[in-house]
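To keep things clear, I will list the structure first and then write my remarks on it.
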Protein chains: 2
Amino acid sequence: MSAPALTKNQALVFDVLEKADGPLSAYTILDKLRDHGFRAPLQVYRALEKLLEYGVVHRLESINSFVACAHPGENCHSHGIVAFAICESCGQVMEFHDHEVDHRLMDWTRGKKFKAEKTTIEIRGLCEACAA
Amino acid sequence: MSAPALTKNQALVFDVLEKADGPLSAYTILDKLRDHGFRAPLQVYRALEKLLEYGVVHRLESINSFVACAHPGENCHSHGIVAFAICESCGQVMEFHDHEVDHRLMDWTRGKKFKAEKTTIEIRGLCEACAA
DNA sequence: ATCGCACACGTTATAGCATAACGCAATTGA
DNA sequence: TCAATTGCGTTATGCTATAACGTGTGCGAT
């Protein structure tokens, strides 16, 4: 599932996300790409779908937004569960991984015979700078 | 922040959620309450806002739905972070708490001086029955 | 008492997020 | 060559959530 060469649209969307300093909504991405010929939401969503699949972009469920993976080049899917801390003031997102958390959640799912497909961990709050 | 007496609308919304055997979207709740005089989404969202505040209802960010707390009577806010396992086939939701996970996440936020306000943990997949 | 305030409520309108369904073009591999 | 796959563009639609305005009710302070 490592990323193949990106198509034009996928590259444009990824580029916008990578250059942004925070998560963007699909419609914000659309607006930023109108000059490049984007006209409809589906063009964005279709590109995002692939980028998510390739593991180079993450979706932040709690704010309906998307962010480029913090580990360019690596395959993020191999790092275990991805967790995010999202500053509700400045919008900055920190991405991290904690294997102990992974283990605890996996222990729970094993105990319940629950087949986990996709796990979301998102901490919303204030980053150090904004909490001051 | 324990729950005061619920207003009429809040009680109606809570009742629908409690009797449901899975999470419901705000609009599904609205449809179930049309016979009781509900006409507009805001009536549902305003009630939900209070019920979330009182800790008797949870919001599932990854599926834009709401579910009654699994601990009737208790104040769920005092149990630490709430985690959910959501079956994508039958819709059933299991709610659980893991203090070790809480600790690990709190350690991380402390290290980053991040002031956590609200943490989401949602595992989507297949429950034992549906995975068979 | 009545004024001001807080709160719940009702309504209309609108904003924001996401996908269905159709058709076309390019690529690939049997 | 033909069928299957994939990406793309467009239109339309559906789902989720909130803004803005006004009404009524209860309640404490003056």
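Within every chain, numbering begins at 1; the chains are lettered A, B, ... in the order of the sequence lines, protein sequences first and strands thereafter. Because the structure is predicted, anything quoted here is derived from the model rather than measured.
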Query raised in the report: A:Arg59 has a side chain; which of D:dT16, C:dA8, C:dA18 sits nearest to it?
Result: C:dA18

Query raised in the report: C:dA8 phosphate, OP1 or OP2: any side-chain N/O from B:Thr7 under 4.0 angstrom?
Result: no

Report summary line: When rounded to whole Å, the CG to C1' distance for the pair B:Leu24 and D:dT16 reads 15 Å

Query raised in the report: Hey, does the side chain of A:Asn64 come within less than 4.0 Å of D:dT16's phosphate (OP1/OP2), counting only N and O?
Result: no

Query raised in the report: With respect to the phosphate group of C:dG10, does any side-chain polar atom (N or O) of B:Asn9 fall under 4.0 Å of OP1 or OP2?
Result: yes

Query raised in the report: Rounded to the nearest Å, what distance is computed from the CD atom of residue A:Glu61 to the C1' atom of nucleotide C:dG16?
Result: 16 Å

Report task. Whole angstrom is fine here: how far is it from CG in B:Leu6 over to P in C:dC9? Result -> 10 Å

**Report entry** DNA chain D contacts among residues 29-50 of chain A, heavy-atom distance under 4.0 Å
**Finding:** A:Arg39, A:Ala40, A:Leu42, A:Gln43, A:Arg46, A:Lys50

Requested in this report: Check the hydrophobic clustering (I, L, V, M, F, W, Y; side-chain heavy atoms under 4.5 Å; chains of links allowed) and say if A:Phe84 and A:Ile63 are grouped together.
Outcome: yes

Query raised in the report: Are B:Phe66 and B:Leu52 close enough that some pair of their side-chain heavy atoms sits under 4.5 Å apart?
Result: yes

Report summary line: Taken to the nearest whole Å, CD/A:Glu53 to C1'/D:dT5 is 14 Å

Query raised in the report: Side chains of A:Leu33 and A:Val13: does their closest heavy-atom pair fall under 4.5 Å?
Result: yes

Query - Residues B:Arg59 and B:Thr120: side-chain donor-acceptor under 3.5 angstrom - result: no

Query - Separation of D:dA17 C1' from B:Leu52 CG (nearest whole Å) - result: 13 Å

Query raised in the report: Got a donor-acceptor pair under 3.5 Å from the side chain of A:Tyr27 to the base of C:dA18?
Result: yes

Query raised in the report: Would you say the side chain of A:Lys118 lies within less than 4.5 Å of the side chain of B:Arg124, judging by non-hydrogen atoms?
Result: yes

Query raised in the report: With under 30° as parallel and over 60° as perpendicular, where do the rings of B:Trp108 and A:Phe96 fit, or are they tilted in between?
Result: parallel

Query raised in the report: When the distance from CD of A:Gln10 to C1' of D:dG7 is rounded to whole Å, what number comes out?
Result: 8 Å

Requested in this report: Give the rounded distance in Å between these two atoms: NZ of B:Lys8 and C1' of C:dC9.
Outcome: 11 Å

Requested in this report: Determine the interplanar angle of the B:His71 and B:His97 rings, folded into 0 to 90°, and report it as parallel if under 30°, tilted if 30 to 60°, perpendicular if over 60°.
Outcome: tilted

